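Chain letters run A, B, ... following the sequence lines, proteins first and then strands; every chain starts at 1. Please read all numbers here as calculations on a predicted model, not as lab measurements. Below, each value reflects all heavy atoms present in this structure, side chains not excepted, and no hydrogens, waters or symmetry copies.
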Amino acid sequence: MERFLYSLLTNAASSNLGAITQQTHSLLLTTGHLIRSIRLFNTLLRSYSLGGSPQKAFSLYNQLQSLYCFHSSSSSSLQLPSFDSFSYTFLINAATHASSLPIGTQFQGRGIKAGFHSHVYVQTAALNMYAAAGVWSDALQVFDEMPDRNSVSWNVLITGLVRWGELEYARSLFDEMPEKNVVTWTGMIDGHVRIGRFGEGLSLFQRMVCCENMKPSEITILALMPAVSGLKDMRVCRLVHCYAEKRGLIAFDIRVANSVIDTYAKCGCIESASRFFEDLMERKNLVSWTTIITGLAMHGFGEEAVERFDRMEKAGWKPNRVTFLSVFNACSHGGLVDQGLKFLEKMVNEYQILPDIKHYGCLVDMLARLGRLEEAENLALGIPTEIANVVVWRTLLGACSFHDNVEMAERVTRKIMEMERGYGGDYVLMHNIFVGAGRFGDAEKFRKLMHQRNAIKLPGQSAI
DNA sequence: CTAGGGTTAG
């Protein structure tokens, strides 16, 4: 029985099935297993923590804790198992997932009282919590006071620093770390890539593979690929692709395959992206389709993108909001306005997806860039105020400038000013529109207004 | 038991 429940919970955690976890919880309560086996209790904690309901982990703890209080005050003969290192590890993890530092700190304290001051797993969980929250004073205190650290302890700190952009600090720890593993190297690559130091990210990858003889994982490739895209180097793209292929990472993880599609497209070779995409055959998933549509859109191949969308639907895939955004973008860049509007109808009516601000932005751009300004303006006016933003109106203002519609430009600028007054580019654009229309007095007014309001000018934008 | 980024407007 215990073994069965255990495997049920382990599966529930890995496949994210909150309902199973919950049902097993009730079952354990009624059968009394929960208060007899700390192992089952811990597994349940872990399931809640991983399954996105950390609050339930806390209440489960509270339930058992109050049982303890009750039993210690009465002279019951029932022997209750006590919390162990696993319990505190999972409870602190639940607090990390709930982004609740106060609760986590409490569990850390209780873990220490229970004698786990020097326990690697418990303390690493605490370290992870502080690192995830970017509270470096506490993170470093835990790290410094750990009598034994393992590679996970180091990696938690390094990857935490990386996520918060503290690359210099991460780097010094990296150099100091005795035995780096694939997670360490991946973390450092990721750290360089995410702040745009693509060349250094790539060098680290080279060092990792060639000098250190370390085997990159699928995550390493996923972390590296944006660097390849950033460098726009087809040679490197092919090299990394071949390497991933040879190491079996593409067959192993569809995410790697999808990032290869994306990177070929971003390196400027939509043909390679498309060929690789087609070669995936039946392994393609929704993200693969979305990625190739995005790539085709980037390269202005509207018709081809639409063709992929249709094929995708025929293959039985249900497009999501990202897929629709991609195809709108393709229609926008390919000048396929009426197709785009049909896709909007399909999204809302057939798939019951409400457009979000990015969808609106894309569609407004699509209409506006072909000069269908009234339709674009009406669409923009129909955006629910909760999600409206200045970017959409700015797009429209750009189109008004391009198509010399001064009256609409004035209306649009008024809208923009209701939302944001401190962006210099808007004043510059409106000024230039007035100049183009020969309305020099109005242009001058805008120039003055910009200085009055001390609006920030953009780099690369003329300062009137 | 503890660590690591698939696609997303202008």
Side-chain angles (χ1 to χ4, degrees), chain A residues 10 13 39 42-43 45-46 49-50 84-93 96 119-129 131-132 149-160 162-163 181-191 193-194 216-226 250 253-263 265-266 277 285-295 297-298 319-333 355-366 368-369 389-399 425:
Chain A
T10 314
R39 206 170 120 90
N42 288 340
T43 313
L45 280 184
R46 179 173 180 268
S49 165
L50 294 174
D84 61 8
S85 63
F86 290 71
S87 320
Y88 292 105
T89 303
F90 298 146
L91 284 164
I92 293 169
N93 283 341
T96 307
H119 196 283
V120 193
Y121 285 78
V122 175
Q123 293 311 318
T124 300
L127 171 59
N128 183 38
M129 176 179 70
R149 307 164 181 145
N150 61 17
S151 59
V152 181
S153 321
W154 285 88
N155 288 339
V156 160
L157 190 52
I158 290 173
T159 56
V162 157
R163 260 199 299 279
N181 65 16
V182 57
V183 178
T184 326
W185 281 92
T186 302
M188 283 317 288
I189 292 170
D190 182 35
V193 174
R194 69 168 64 210
S217 71
E218 68 283 11
I219 312 292
T220 317
I221 307 297
L222 292 175
L224 177 69
M225 281 314 224
I250 288 171
D253 192 333
I254 185 64
R255 296 178 303 172
V256 175
N258 292 338
S259 83
V260 170
I261 303 172
D262 185 52
T263 308
K266 286 181 178 153
F277 168 82
N285 69 4
L286 182 61
V287 177
S288 323
W289 287 100
T290 305
T291 306
I292 194 65
I293 291 170
T294 305
M298 259 173 1
N320 63 16
R321 47 184 60 255
V322 183
T323 320
F324 275 107
L325 185 63
S326 303
V327 82
F328 290 162
N329 200 223
C331 292
S332 166
H333 289 171
D356 65 29
I357 191 61
K358 291 186 183 180
H359 295 115
Y360 279 112
C362 222
L363 292 164
V364 167
D365 180 53
M366 176 182 81
R369 73 165 69 205
N389 71 15
V390 71
V391 178
V392 177
W393 291 102
R394 221 165 253 156
T395 307
L396 189 52
L397 184 60

**Prompt:** Given A/Asp253 and A/Arg255, is the salt bridge (charged side-chain N to carboxylate O under 4.0 Å, His left out) satisfied, shown in steps?
**Reply:** CA-CA 5 Å; A/Asp253 192 333; A/Arg255 296 178 303 172; 3.0 Å; yes

Nearest-Å distance for atom pair [atom1]/[atom2], residues [X] and [N]:
| X | N | atom1 | atom2 | answer |
| --- | --- | --- | --- | --- |
| A/His333 | B/dA9 | NE2 | C1' | 8 Å |
| A/Asn258 | B/dT7 | CG | C1' | 7 Å |
| A/Leu224 | B/dG4 | CG | P | 19 Å |
| A/Ile92 | B/dC1 | CD1 | P | 18 Å |
| A/Ile254 | B/dT7 | CD1 | P | 13 Å |
| A/Trp393 | B/dA9 | CH2 | P | 21 Å |
| A/Asp190 | B/dG6 | CG | P | 10 Å |
| A/Asp365 | B/dT8 | CG | C1' | 15 Å |

side-chain N/O [X] vs [N] OP1/OP2, d < 4.0 Å:
| X | N | result |
| --- | --- | --- |
| A/Lys266 | B/dT8 | yes |
| A/Arg46 | B/dT2 | yes |
| A/Arg39 | B/dC1 | no |

Is a donor-acceptor contact shorter than 3.5 angstrom present between the side chain of [X] and the base of [N]?
| X | N | answer |
| --- | --- | --- |
| A/Asn285 | B/dG6 | yes |
| A/Ser217 | B/dG4 | yes |
| A/Arg255 | B/dG5 | no |

At under 4.0 Å between heavy atoms, what does [X] touch on the DNA or RNA strands: base, sugar-phosphate, or nothing?
| X | value |
| --- | --- |
| A/Val392 | base |
| A/Ile292 | nothing |
| A/Thr186 | base |
| A/Thr291 | sugar-phosphate |
| A/Arg149 | nothing |
| A/Val322 | base |
| A/Val120 | nothing |
| A/Asn329 | sugar-phosphate |
| A/Asn389 | base |
| A/Asn150 | base |

**Asked** With distance as the sole test, does A/Thr43 use its side chain to make a donor-acceptor pair with the main-chain N or O of A/Arg39 at under 3.5 Å?
**Response**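 Judged by distance alone, yes, a pair lies under 3.5 Å.
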
Side chain of [X]: nearest nucleotide among [options]?
| X | options | answer |
| --- | --- | --- |
| A/Phe90 | B/dG5, B/dA3, B/dC1 | B/dC1 |
| A/Ile357 | B/dT2, B/dA9, B/dA3 | B/dA9 |
| A/Tyr121 | B/dT8, B/dG6, B/dT2 | B/dT2 |
| A/Val183 | B/dA3, B/dG6, B/dC1 | B/dA3 |
| A/Asn155 | B/dG5, B/dT7, B/dA3 | B/dA3 |
| A/Asn181 | B/dG6, B/dA3, B/dG10 | B/dA3 |
| A/Ile219 | B/dA3, B/dG4, B/dA9 | B/dG4 |
| A/Arg194 | B/dG5, B/dA3, B/dG10 | B/dG5 |
| A/Thr159 | B/dT7, B/dG4, B/dA9 | B/dG4 |

**Request:** Could you tell me whether A/Phe324 and A/His359 have their ring centroids closer than 6.0 angstrom?
**Result:**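 No, too far apart.
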
Any side-chain donor paired with an acceptor under 3.5 Å for [X] and [Y]?
| X | Y | value |
| --- | --- | --- |
| A/Ser326 | A/Thr323 | no |
| A/Ser87 | A/Asp84 | yes |
| A/Ser288 | A/Asn285 | yes |

**Request:** Would you give the length of the straight line joining atom CD1 of A/Ile92 to atom OH of A/Tyr121, rounded to the nearest 0.5 angstrom?
**Result:**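 That separation rounds to 14.5 Å.
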
